[in-house]
Protein chains: 2
Amino acid sequence: MTMIERPEVDLALSKARLRLWLRLLGVARLVESELRERLRGLESTLPRFDVMAALHRAPDGLKMTELSSVLRVSNGNVTGIVDRLEQEGLATRTPVEGDRRALLVRLTPAGVESFAVLAAHHEAWVNELLGDVTREEADHLNEQLQVVRHHLMHPETKA
Amino acid sequence: MTMIERPEVDLALSKARLRLWLRLLGVARLVESELRERLRGLESTLPRFDVMAALHRAPDGLKMTELSSVLRVSNGNVTGIVDRLEQEGLATRTPVEGDRRALLVRLTPAGVESFAVLAAHHEAWVNELLGDVTREEADHLNEQLQVVRHHLMHPETKA
DNA sequence: GCATGAAGCTTTAGGCTTGAAATAATATCG
DNA sequence: CGATATTATTTCAAGCCTAAAGCTTCATGC
């Protein structure tokens with residue numbers, strides 16, 4: 001196998017990847033800002049929705065640290081978002097049995113109800129915004145992005 | 001052609017689109033946070049980089065409003081970012097001939113120099129982060145995203 | 001027991017982001 | 001010309017976000 005020995009840089013490939021990243025970022029921001037705007041009409045935000053979604057998936061509650069690691073945001077950040085959810089009666093912080101440092105965050109019944117409404121709208125909006133993407137395209141794109149994601153999280157240990 | 005007459009909702013398709021969106025958002029955030037962290041090492045941020053990139057593409061300068069419309073962020077936002085760039089001597093605001101409301105923002109020589117360094121690192125980082133994406137994959141993904149983007153910005157006028 | 005370090009959470013400072021309100025200058029129209 | 005609307009920009013309040021520092025509690029080892 002005559003492979004090229006560590007070419008300095010493949011300029012065209014580098015540019016192609018840069019284009020891909022810029023396009024990816026652009027699409028993400030476009031959808032994100034549209035969703036943010038629509039959520040605003042329901043008195044909510046994307047970060048709050050994310051937290052509520054995580055809590056909804058964990059009916060037994062999540063500790064603050066678990067929440068921040070699931071959402072991949074800083075712990076200080078979660079504090080603020082949960083503060084607001086708590087103020088509005090959508091979530092509660094309860095002590096954890098046997099560890100006075102930790103707090104278990106849970107959705108209240110009102111929080112569950114609110115989330116159901118938000119989630120239904122959210123899915124419908126995404127379905128609308130990506131309304132021209134066919135099933136095949138969606139699955140294919142999804143698979144490709146899955147590969148990119150995998151490589152991002154588990155970089156090949158290259159020579 | 002016996003097509004199904006306006007099915008209420010294609011649930012599986014809706015879910016597929018939702019998965020696609022969540023995956024897209026996840027990948028974007030992953031790359032974004034990595035880039036943010038690395039830029040921090042160069043005393044910069046992604047928003048500043050974006051502004052500088054826009055200014056670099058427009059050697060004759062951009063008005064604040066043009067800047068905010070190119071970057072698709074609010075005008076109040078641009079004010080703050082340009083403020084900081086100006087403080088650090090990387091950009092200037094100069095009056096516009098014949099319109100005392102407007103200001104032309106330009107990179108200073110120091111700004112141009114700083115941007116060159118940032119841009120080189122930025123491209124190398126993206127190239128590294130997407131290092132497992134082949135030329136073919138990059139181009140193909142890019143094309144597909146281009147289609148999604150197009151549809152987002154020009155929604156089909158459906159019956 | 002008790003010191004030392006780790007774990008869980010909040011606070012803080014600084015920057016980004018938006019939408020809305022405030023200012024100032026220009027443009028339009030009667 | 002003068003009233004009104006539009007345009008360019010900034011300011012403001014509120015929320016999001018991070019890294020770093022601080023506080024409390026737990027675990028470990030002596």
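Note on naming: letters A, B, ... go to the chains in the order of the sequence lines (proteins, then strands), and numbering restarts at 1 for each one. The basis for the numbers below is simple: all heavy atoms, side chains too, and nothing from hydrogens, waters or symmetry mates.
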With R38(A) as reference, evaluate E128(A), E32(A), E43(A) under the salt bridge (charged side-chain N to carboxylate O under 4.0 Å, His left out) test and give the passing residue. E128(A)
Counting only side-chain heavy atoms from C-beta out, which of [options] sits nearest to [X]?
X	options	result
P47(A)	dC16(D), dT17(C), dC26(D)	dC16(D)
R36(A)	dT10(D), dA25(C), dT18(C)	dT18(C)
R40(A)	dG19(C), dC9(C), dC16(D)	dG19(C)
S74(A)	dT18(C), dT18(D), dG8(C)	dT18(D)
R100(A)	dG19(C), dT10(C), dC26(D)	dC26(D)
N75(B)	dA8(D), dG19(C), dT10(D)	dT10(D)

Using the six-membered ring wherever Trp is involved, compare the ring planes of H140(B) and H140(A) and label them parallel, tilted or perpendicular (cut-offs 30° and 60°).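 Rings of H140(B) and H140(A): tilted, as their planes differ by 30° to 60°.
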Just how far, in rounded Å, is [atom2] of [N] from [atom1] of [X]?
X	N	atom1	atom2	result
D83(A)	dA14(D)	CG	P	16 Å
E37(A)	dG15(D)	CD	P	18 Å
R93(B)	dA8(D)	CZ	C1'	12 Å
L103(B)	dT23(C)	CG	P	18 Å
E66(B)	dA8(D)	CD	P	9 Å
K63(A)	dC26(D)	NZ	C1'	11 Å
L39(A)	dG15(D)	CG	C1'	14 Å
N77(A)	dT11(C)	CG	C1'	13 Å

At 4.0 Å (heavy atoms only), tell me whether [X] reaches a base, stays on the sugar-phosphate, or touches nothing.
X	result
T45(A)	sugar-phosphate
R48(B)	sugar-phosphate
L46(A)	nothing

With DNA chain C as reference, determine whether D99(B) or V73(B) sits nearer its 5' end, using the nearest nucleotide of each. V73(B)
Hey, does the side chain of T79(B) come within less than 4.0 Å of dT11(D)'s phosphate (OP1/OP2), counting only N and O?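 For dT11(D), neither OP1 nor OP2 has a side-chain N or O of T79(B) closer than 4.0 Å.
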Could you state the interatomic distance from OG (S14(B)) to CG (L130(A)), rounded to the nearest 0.5 Å? 9.5 Å
What's the separation between atom CD in E34(A) and atom CG in L152(B), rounded to the nearest 0.5 Å?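 Nearest 0.5 Å value for the CD-CG distance: 8.5 Å.
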Counting only distance, no hydrogens or angles, is the base of dA7(C) paired donor-acceptor with the side chain of R101(A) under 3.5 Å? yes
Pair E123(A), K15(B) - check salt bridge (charged side-chain N to carboxylate O under 4.0 Å, His left out), show working. CA-CA 8 Å; E123(A) 182 174 335; K15(B) 293 290 181 200; 2.8 Å; yes
